[in-house]
Amino acid sequence: MVLNPVVIFLVSLVFPGVVARTKAKIVGRKGAPVVQPFFDNIRLFQKGNVYSQTTSWIFQIAPVIYFSTIFMAMLFIPLGKQPALLSFEGDFVVFAYLLAFGKFMMIAAAMDTGSGFEGMGANREAFYSLLVEPAFFIVIASMALLTNHTSFYNLFNNLHLESELSYLIAVLSVYIFLWIAMIENSRLPVDDPKTHLELTMVHEVMVLDYSGFDLALIQLANGIKFAIYGALIFNFVLPMQDYFVAQLVIFFVVQLLFAISVGALESFKARNKMAKNPQWILSLSALAILGFLSVLIITGKIILMD
Amino acid sequence: MLVVSISLFLLPRRIQYPATLLLIVSIIIFSGQVALQAFSSTNPVHISFIRLFGDEIFLVIDQISAFFILVINLTMLTGILYAKGYLKPYLPGKSKKALALHYFNFVWLHISMLLVCMLRDGLSFLIVWELMSFTSFFLVIFESEKASTIKYGIQYLIQMHIGFAFLLVAFLISGMITGEPVGFESLEKYFSEQAVFPLFLLFFVGFGIKAGFIPFHTWLPHAHPAAPSHVSGIMSGVMIKMGIYGIIRVLTFIHTDLLAIGIFLLIISFISGVIGVILAIVQHDIKKLLAYHSIENIGIIGLGIGVGVIGMATENFTLATLGLAGGFLHILNHSLFKSLLFYTAGNIYRQTHTRNIEMLGGLIKKMPKTAFFFLLGSVAISGLPPFNGFISEFLIYLGMFKELHTGDLMLSLLLLGGIVGLVLIGGLAIYCFTKVFSVVFLGNPRSNQTEKAKEVEGSMFISKYIIGFFIVFIGLLPVLILKPLAGVVSVFVTDVSALTAIAPSLQGITISLSIFILVIAALWLVRKWVTKTKPIETGPTWGCGYTGANPAVHQYTATSYADYIGNLAKYITGTRKHFKPIEKDEIFPAPRKFETHSSDVFEDYLVSKPSGKLLKFLDRIAVFQTGNIQHYLLYAIVFMILILVLTILNLV
């Protein structure tokens, strides 16, 4: 139980490094060691801060709240047979809304700088996350429909008990979650962390004015966010595993594969046109609804002709 | 009471306010006592009220009434406390009588709302309903020197009377068909014998106009900005809930055909919620924006109640209990954060004399306390933890998720619709409130008067501390409100064990949110400790290396922030952009203007266009009204000849 956040946190330290390394390998560079982002953060923690004159206390407290929401979200994640530290009926609602609170504060902080660019980024972030939210809830709803449970732990642990067909749902859910993770972490194809033009940035431009301790907190939180989604994906694919060590190994393998696939996707995929993003994001919800309909068929609520 | 309140007109200016406060407090103590008594007993409390045309009329207070009475009292208390500071700048310009009229109507709005919740008899109910509309009308037109205030006030009054007509017809139908005295009690018999849905629809329109369900909402975005802020807070916080009360009261008498009603409520609430918030996003007038947000919240309340009714119809007690409990709790929650937001918006208006958010900006430095409370209200209304709005949405969510599996196909699909609705509303609310909070309070001031704004005096924050306390209290310790909620819901559902069954969840929320706050506090301290020894510098915001920009202009505006939604939903918001594109051969472009306008598609097509057509038609008829006496004599002769001819032909 206590171990869940610890391993997720450990993974989060190297996760961005693995992604960067994969991307480097694919384009034929050698790449930095996977722990480089971690060292970068340590260096940032030791630095002083530069604040814009325009900013207020909102700008200073936002990274703290943002990190805390993601830290809390980590405590809600079960790992296979290991229940989460915080687990109760409806915990996923708290999970999603806590993340939303962190986002609220980061958007406000970006607007606090009074910069046109940061406003633009904040606006896009607000818009995209509002579009992606239904997909998450519909996937969870399909699982609740299938298993008749309403907490992360029970949802995942009863997912594969009902019928073998549920693996179909798991595959679809993993696919959706992969893209949700990409959007929520401001990656391609919606946002490109590599871009150097403020006009085309989303997340990067929101944190342009951050430095030192605050920036380190944000980077750390972003890593954890990735690892959280990796852990959720792990929960989908885990075949019932009673052996703790085996579970742990599978967990690390899944996270590694997830990081590599993020790197690979980033290398081979082009960025969407800005104006096409809403449709693209909404298509995830459409896929999620397909999943929901399949569950209706599996549970016999929609009876197909025989 | 009438005598006492009339004496307000005679009192000297100085003690008018204390006297009103005293009156309100005594009403609160008296009615609160009765409400608490009703809460603790299972049977409704009956009190003999007055004799009207020889019939004795009773006040009947069950747990639903008691709940609404407590909500009304709380908001009226904060409203009158806030009014003191808010009215101060108006005192020199207003005559003693005008102020007395304002206070008088304030007291009577309070009394009429309380009576609405207690009366069951049809005639007296309609009288106090009318009284509520009139007193609130006079409160709205407080700034009667402005022409627009009167215009919107009249518009409000007319729409209230359309609603009144529907209620009157609905009551009369039920009374005539059942042969019982007109009133709520006759509905029991009517609904058990006759078709349920048509009469419910009549009641729904009548009460829905007050509540502001789309498409009956068009008075809200005009009346709220026109009214003084303490009045908008009360109207949005509790008065529109009287419409919800009416719908709930009618629902208590319906036992058959509930499924259709539930689905109807769910769909119309979904529409109200989503479209309400979309329309809110494109507003620039802060109070108009908040008014549209009330429509959204009415949608959330309706979603809860609709889901609850569907649960009752399909005998899913968990769904019924949690949906209704969430809906009821959201009534209380919305009265808290919406009045808080209107009061803080009042602070802004008082200090900057503008409601246009494009003129504001950077107020967090000038008005830090106002900014804090506005942020609290914004986060709470967006339904985010650790505040109260989250709890009511959580209850509705949990009810829907729990019953996904057990219901049949239609129920599952309906619930999925409800879930998606809540998610969309939540996301859009965050979009809306990040916009309004950021544009008003953050960044740089966008106008002169904003630059000179100062914080309001401390006494104007008493009401905000009270509301803030409840917002945090409900958000952190939701377990404590389970019992009163169970009492209210038990009027509808006999088995409310589902509410006690979710106590572990609510405890889980308390624990997680406490940890959350501790983590924030700890991290803040660590941050302070670490950065203590580090150099701190300040400088201008990063502007891509360009330093010549005017910081007030080089900012994201509310219009651009809302642009995505304005484009996505342009058929609803009617957003139009006016600008001249730069010509190809225009080497030195002339100065240009860019304007955007948005309207409300429902208002255009349901109110403005029909009433415009009606006026045109009436204009055409008015050709007869020439003002020429010879013409009128001619009309008389024509009429007489017509009568003569008709009599000869035996037609009359």
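Proteins get letters first, then strands, A, B, ... in listed order; numbering begins at 1 in each. Any value given below was found using the heavy atoms of this structure, including those in side chains, with hydrogens, waters and symmetry copies removed.
For B/S560, the part lying near chain A is the backbone, with the side chain staying farther off; criterion is any non-hydrogen pair under 4.5 Å. Looking at B/L506, there are no atoms closer than 4.5 Å to chain A (heavy atoms on both sides), in backbone or side chain. Contacts between A/K47 and chain B at a heavy-atom distance below 4.5 Å involve the backbone alone (N, CA, C, O). Only the side chain of A/D209 comes within less than 4.5 Å of a heavy atom in chain B; its backbone stays farther off. Contacts between A/Q60 and chain B at a heavy-atom distance below 4.5 Å involve backbone atoms as well as side-chain atoms. Contacts between A/F136 and chain B at a heavy-atom distance below 4.5 Å are absent for every atom of the residue. For a residue to count as touching a neighbouring chain, one of its non-hydrogen atoms must lie under 4.5 Å from one of that chain's; by this rule B/E393 touches chain A with the side chain only. When heavy atoms are compared at a cutoff of 4.5 Å, A/M120 approaches chain B by way of both its backbone and its side chain. In this structure, no portion of A/Y66 lies under 4.5 Å from any heavy atom of chain B.
For chain B, the option among A/M105, A/H149, A/K103, A/Q53 with the highest count of heavy-atom pairs below 4.5 Å is A/Q53. Taking A/V64, A/N123, A/L130 one by one and counting their heavy-atom pairs under 4.5 Å with chain B, the maximum is reached by A/N123. The most heavy-atom pairs under 4.5 Å with chain B, out of A/V132, A/T69, A/D91, come from A/T69. Heavy-atom pairs under 4.5 Å with chain B peak, among A/G48, A/S87, A/S68, at A/S68. Per-residue heavy-atom pair counts under 4.5 Å with chain B were compared for A/D214, A/I289, A/L293, A/I65, and the maximum is reached by A/D214.
The aromatic ring centres of B/F401 and A/F92 sit less than 6.0 Å apart.
You'll find the side chain of B/L442 reaches within 4.5 Å of the side chain of A/S56, heavy atoms only. Within the 4.5 Å cutoff, the side chain of A/I58 has heavy atoms near those of the B/F437 side chain. Contact of the B/S512 side chain with the A/F76 side chain is registered, since non-hydrogen atoms from C-beta on lie closer than 4.5 Å. The shortest side-chain heavy-atom distance between A/V94 and B/I509 falls under the 4.5 Å cut-off. Considering only heavy atoms from C-beta on, A/M111 comes within 4.5 Å of B/Y556 through its side chain. Side-chain atoms of A/F71 and B/L523, non-hydrogen and from C-beta on, never get closer than 4.5 Å to each other. The side-chain heavy atoms of B/I515 and A/L86, taken from C-beta on, include a pair separated by under 4.5 Å. Counting heavy atoms from C-beta outward, A/F88 and B/I502 have side chains that stay 4.5 Å or more apart.
How far NZ of B/K534 is from CG of A/N49: 9.5 Å, rounded to the nearest 0.5 Å. Taken to the nearest 0.5 Å, the CG atom of B/L416 stands 7.5 Å off from the OG atom of A/S142. Here the CG atom belonging to A/L145 is positioned 5.0 Å from the OG atom belonging to B/S412, to the nearest 0.5 angstrom. Distance check, rounded to the nearest 0.5 Å: CG of A/L131 to CG of B/L424 gives 8.5 Å. Distance check: B/L404 CG to A/M143 CE gives 12.5 Å after rounding to the nearest 0.5 Å. Taken from CG in B/L413 to CG in A/L296, the straight-line distance is 5.5 Å, to the nearest 0.5 Å.
Here the options are A/Y97, A/F104, A/F101, the test is side-chain contact (heavy atoms from CB on, under 4.5 Å), and the partner is B/I430; only A/F104 passes.
For NZ of A/K276, the number of neighbouring non-hydrogen atoms (other residues, nucleotides, ligands) closer than 6.0 Å is 12 at most.
Using bins of under 30°, 30° to 60° and over 60° for the plane-to-plane angle, the ring pair B/Y397/A/F137 lands in the parallel bin.
A donor-acceptor contact shorter than 3.5 Å is absent between the side chain of A/T150 and the backbone of B/K402. For the pair B/K365 (side chain) and A/T54 (backbone), a donor-acceptor distance under 3.5 Å is present.
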Inset, instruction - Could you check A/W57 against B/I364 for side-chain contact (heavy atoms from CB on, under 4.5 Å), going step by step and ending with a plain yes or no? - result: CA-CA 9 Å; A/W57 57 269; B/I364 194 167; 3.7 Å; yes

Inset, instruction - Verify side-chain contact (heavy atoms from CB on, under 4.5 Å) between A/I138 and B/V420, making sure each step is shown before the conclusion. - result: CA-CA 7 Å; A/I138 297 172; B/V420 171; 3.9 Å; yes

